[in-house]
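What follows is a set of notes on a single structure, which appears directly below.
Numbering of ligands and ligand atoms starts at 1, following listing order. Predicted model only: the values in this text are computed from it and were never measured.
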Amino acid sequence: MLVAPYIDAFNPPRRTLMGPGPSDVYPEVLAAQSRPTIGHLDPLFVGMMDELKGLIQYAFQTTNEMTLAVSAPGSAGMETCFVNLVEAGEKVIVCRNGVFGERMRQNVERVGAIAVVVDNEWGEAVSPTDVEAALRAHPDAKFLAFVHAETSTGALSDAKALCALAKQYDCLSIVDAVTSLGGVELRVDEWGIDAIYSGSQKCLSCVPGLSPVSFSPAAVEKLKARKTPVQSWFLDQTLVMEYWSGSAATGGKRSYHHTAPVNALYALHESLRLLANEGLEAAWKRHADMHQVLRQGLEGLGLKFVVDEASRLPQLNAVYIPEGIDDGAVRSQLLESYNLEIGAGLGALAGKAWRIGLMGFGARRENVALCLKALDDVLN
Ligand SMILES: *Cc1c(COP(=O)(O)O)cnc(C)c1O
């Protein structure tokens, strides 16, 4: 007979998370998540979901009806946009200036569509000039897809300008806002963004595993006009919306699609409630202010930023690892001696840079001070 081994409960240490995500979670969010589980169609739960939808709309600055949290992480939000909106054979202009733009390209190809890639250097913002050239060269393109805040490098692209170009050339825009939401200015309606997705564990400082998503009326039209069914049953927005809002087919009544991650949604409700109470613009300013304090300290340690000041993300600070320093040893020492996690370089920057996150609840003075002190000790 196979005997179950005795295993202790898992008790993680309290770390300070200053990498590319997950970020430090608000204590209120952890508390919210441990409240009693109720049914996913319980009237009280449904009332909470309505508030949650309003909070997601606020965070995105949109009145889009099709706004919800996908029950899976940011990557599923990305996939939701591509599988619902893009059909086989359609052309998509995909901007690639880091890891996540490349993942967008893979999504395009997996739905059988044609990706036209606009490459910019790692560490640089997406170039609107290059994008316009691609839009001009491909008048049959139906979408423009780009990453607003490229977490692999710390570069911020001009979403407002890029979405204006998409409109001008009759394309729908698909925007990755996983790291930007809550950390830098983002205005979905004003900037004319058609499909956007984010993640719970970056500047929202919620637990990982949820992806806020919103589709504009034009994106919903495109979805309704599909000639083929959405390939993914789970991510099919028209089916998911029957749970999030009800549908004409069910007389406006919500129906079961999948069991919502009830407690995780309490957590998202709490993190967005905290963001709304602080105010979006105040949160953006806090990220910018803390970035300035961190920047001064990092430069004082002789560290150089990967991204030019003009397109630098406050919430993701990529700095080059100094000559002769052992990347892995430094990060292990920070983790073991200071309970501090910073991010390794990703893709082209692996082994060459560190990524220091100042996201959500993590964007505060105590974190900046700890990080600077720990790096000073370990490097010197
Ligand atoms: C983290 C991240 C993702 C992926 O989100 P997961 O929650 O890890 O699936 C996508 N895009 C960007 C820009 C990210 O930073």
Side-chain angles (χ1 to χ4, degrees), residues 17-25 29 56 60 68-83 94-108 110 120 122-126 145-159 162 173-184 186 193 195-214 232 234-235 261 264-265 267-268 271 287 306-307 311-318 341-350 353-360 362-363:
L17 301 179
M18 297 184 73
S23 59
D24 275 355
V25 175
V29 168
I56 300 172
F60 277 138
L68 51 74
V70 173
S71 302
S75 305
M78 181 188 289
E79 193 141 348
T80 292
C81 292
F82 290 98
V83 293
V94 181
C95 306
R96 183 169 61 181
N97 60 338
V99 165
F100 294 101
E102 164 56 19
R103 287 194 181 178
M104 283 181 143
R105 185 196 66 77
Q106 291 175 18
N107 269 270
V108 169
R110 283 186 185 225
N120 285 113
W122 281 56
E124 285 178 11
V126 172
F146 67 90
V147 179
H148 186 203
E150 185 42 90
T151 322
S152 59
T153 66
L156 175 67
S157 290
D158 187 344
L162 293 170
S173 50
I174 298 179
V175 180
D176 178 317
V178 176
T179 284
S180 60
L181 184 67
V184 286
L186 171 63
I193 294 172
I196 190 160
Y197 59 92
S198 189
S200 50
Q201 79 280 22
K202 309 227 175 167
C203 293
L204 302 183
S205 276
C206 181
V207 293
L210 291 170
S211 176
V213 166
S214 187
S232 164
F234 184 68
L235 297 177
L265 291 173
L268 185 63
S271 71
H287 283 86
V306 171
V307 177
S311 41
R312 209 175 272 166
L313 280 170
Q315 65 270 50
L316 197 287
N317 297 264
E341 179 181 277
I342 66 167
L346 196 60
L349 292 172
W354 290 316
R355 293 179 299 151
I356 304 175
L358 282 177
M359 297 182 175

For the side chain to side chain contact (heavy atoms under 4.5 Å, CB included) test, which of Arg110, Met104, Gln106 pairs with Phe82?
-> Met104
Pairwise side-chain contact, Pro208 with Pro22, heavy-atom cut-off 4.5 Å (strictly under) = yes
For Ser271 and Ser205, indicate whether the former's side chain and the latter's backbone hold a donor-acceptor pair under 3.5 Å.
-> no
At a 4.0 angstrom heavy-atom cut-off, ligand 1 is contacted by Pro73, Gly74, Ser75, Phe100, Val147, Ala149, Thr151, Asp176, Val178, Thr179, Gln201, Lys202
Which distance, rounded to the nearest 0.5 Å, do you find between the CG of Leu316 and the SG of Cys203?
-> 8.5 Å
Name all residues meeting the salt bridge (Lys or Arg N to Asp or Glu O under 4.0 Å) criterion together with Arg96; count only those two or more places apart in sequence or in a different chain, and write none if there are none.
-> Glu102, Asp119
Value rounded to 0.5 Å, distance of SG in Cys95 from NE2 in His148 | 12.5 Å
